[in-house]
Amino acid sequence: MLYKLAHILRDRFGFLWNIVEWCNAFVFALTHGSALRKIPGILEECSGQFTLRVAAPADAAPLAAFFAEQPEEAFKFFKPHAFDEKTLSKIIRNRAFLTFLVLDGEKIVGYFFLRCFVNGKCFRGKIVDYRYRGKGIAKLQGLAATKVASALEMRVFGTISPENYASLASSKAVNEVRIVETLENGYYYIEYLPKKDEK
C-alpha cells in the first residue's frame, strides 16, 4: 500500500511529494541519528577487494558519468530515479535516501541505496557496472544493505521482475526473499529478510 501511495504522490502531486519527502527525511534523521553514525563502520567491515562507502555531494558528477557509461540494457530493470547530476545531487543530500558506492580504487563500479521511511520500512535498489558483473558485487551490495538496515531496525522491501534472473539469484544468495505480492506490471513486490543463520 505504501509503495503504491508513494508512486501516486510522486507522479501526480509533485509539490506535495516534495513536502512529504522533506518531512520524512527530517524526522528519519532525527530519530535514527545514532544508528546512522554506524553506517561508515558497517561499510568498512564489508569492504575488501572493493571499497564500499556512503556517497557524498561531490560524487554527484562522477556518479552521473557512471550511469552515462552503462548500456541501455542495464536500465531495463533499474529505473528508481533520473540519473542526471542535478537529480543525483538532490538524492545524495536527502538524509532518508541513503546512497552508497562500490569502488575499485577510485573508480565507481556499483551503486546501491536504501530509501527509508519513518514507518520502519525502506526500499532497496542496486546496479553494477556492466564491466564488473560476475565478480560478486551485487551480493556484496545486498549483504551491506541488509546489515545497514538491521542497524537501523528497518524492514527492507523492493521490486524485482521475474525475468531479472541475475538480481533474483544475487538476492537469494544473501537474503531470505519473501514475495509479498505480484504487482500489476508483473513485478514481484518482495521483502528482503536476513538469512536465518545470520540473525
Side-chain angles (χ1 to χ4, degrees), residues 1-14 16-21 23-25 27-29 31-32 35-36 38-39 42-43 46 52 73-83 91 94-100 102 110-128 133 136-199:
M1 184 66 178
L2 176 64
Y3 178 83
K4 294 178 181 178
L5 178 60
H7 277 267
I8 291 172
L9 284 175
R10 186 190 68 183
D11 297 339
R12 300 183 187 176
F13 305 99
L16 181 59
W17 174 248
N18 288 336
I19 294 175
V20 170
E21 277 213 305
C23 293
N24 178 72
V27 175
F28 178 79
T31 56
H32 291 78
L36 287 168
K38 298 177 182 177
I39 293 177
I42 293 172
L43 297 178
C46 293
L52 280 64
E73 58 88 13
F75 304 102
K76 181 179 180 181
F77 303 116
F78 185 78
K79 303 174 184 176
H81 50 68
F83 304 110
I91 288 171
N94 184 333
R95 293 176 292 178
F97 203 132
L98 309 180
T99 51
F100 312 108
V102 182
Y111 164 80
F112 63 111
F113 65 82
L114 290 173
R115 186 168 196 167
C116 304
F117 294 89
V118 294
N119 67 346
K121 294 182 179 181
C122 64
F123 294 84
R124 185 179 96 178
K126 56 183 171 28
I127 186 172
V128 176
R133 293 173 185 167
I137 294 176
K139 293 179 183 178
L140 182 62
Q141 291 171 323
L143 180 62
T146 299
K147 290 186 175 183
V148 169
S150 294
L152 295 170
E153 298 183 349
M154 305 286 288
R155 294 174 66 189
V156 187
F157 295 85
T159 58
I160 296 183
S161 167
E163 298 176 9
N164 194 351
Y165 306 114
S167 184
L168 279 169
S170 68
S171 295
K172 290 180 178 179
V174 296
N175 291 106
E176 300 291 338
V177 175
R178 182 177 76 90
I179 298 177
V180 179
E181 65 175 307
T182 301
L183 302 175
E184 293 178 359
N185 61 3
Y187 276 53
Y188 296 141
Y189 176 47
I190 66 175
E191 180 174 7
Y192 300 98
L193 301 164
K195 285 282 192 181
K196 291 183 174 62
D197 57 355
E198 294 180 4
K199 286 184 178 180

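Worth knowing before you read on, the calculation uses all heavy atoms, side chains too, and leaves out hydrogens, waters and symmetry mates. Because the structure is a prediction, the values reported are computed rather than measured.
- To the nearest 0.5 Å, the span separating OG1 on Thr99 from CD1 on Ile91 amounts to 8.0 Å.
- Using the six-membered ring where Trp is involved, Phe113 and His81 have ring planes that are tilted, between 30° and 60° apart.
- Side-chain contact check for Phe28 versus Phe97: every heavy-atom pair is 4.5 Å or farther apart.
- For the pair Met154 and Cys122, the tightest heavy-atom approach, listed with the atom from each and the gap, is CB-SG, 4.0 Å.
- Between Tyr111 and Phe78, the angle of the ring planes goes over 60°, which puts this pair in the perpendicular group of the 30/60° scheme.
- Remark: Ser150 OG to Ile42 CD1 distance equals 8.5 Å, nearest 0.5 Å.
- Minimum heavy-atom separation, Asn24 to Cys116: ND2-O, 2.9 Å.
- Inter-residue side-chain proximity for Arg95 and His32 is flagged as unmet; no heavy-atom pair is nearer than 4.5 Å.
- At least one side-chain heavy atom of Glu176 sits less than 4.5 Å from a side-chain heavy atom of Lys195.
- Of all the heavy atoms in Lys139 and Val174, the pair that sits closest is O-CG1, 3.7 Å.
- Leu114 places a side-chain heavy atom less than 4.5 Å from the side chain of Val156.
- Checking side-chain atoms of Glu153 against main-chain N and O of Gly120 turns up no donor-acceptor pair under 3.5 Å.
- The aromatic rings of Phe75 and Phe83 lie tilted to each other, with the angle between the two planes from 30° to 60°.
- Contact detail for Asn94 and Ala25: the closest heavy-atom pair is OD1-CB, 3.3 Å.
- Here the OH atom belonging to Tyr188 is positioned 13.0 Å from the OG atom belonging to Ser171, to the nearest 0.5 angstrom.
- In this structure the side chain of Leu52 reaches within 4.5 angstrom of the side chain of Phe112, judged on heavy atoms.
- Glu163 places a side-chain heavy atom less than 4.5 Å from the side chain of Phe77.
- When each of Leu98, Thr31, Val148 is paired with Leu36, the side chain to side chain contact (heavy atoms under 4.5 Å, CB included) condition holds for Leu98 and for no other.
- Residues Ser161 and Lys76 have side chains that never bring a donor and an acceptor to within less than 3.5 angstrom of each other.
- Taking CD from Glu181 and OH from Tyr189, the interatomic distance works out to 7.5 Å, rounded to the nearest 0.5 Å.
- Minimum heavy-atom separation, Lys172 to Val177: CG-CG2, 3.9 Å.
- Distance CG/Leu183 to OG1/Thr159: 7.0 Å, rounded to 0.5 Å.
- Heavy-atom minimum distance, Lys126 versus Ser167: NZ-OG, 3.6 Å.
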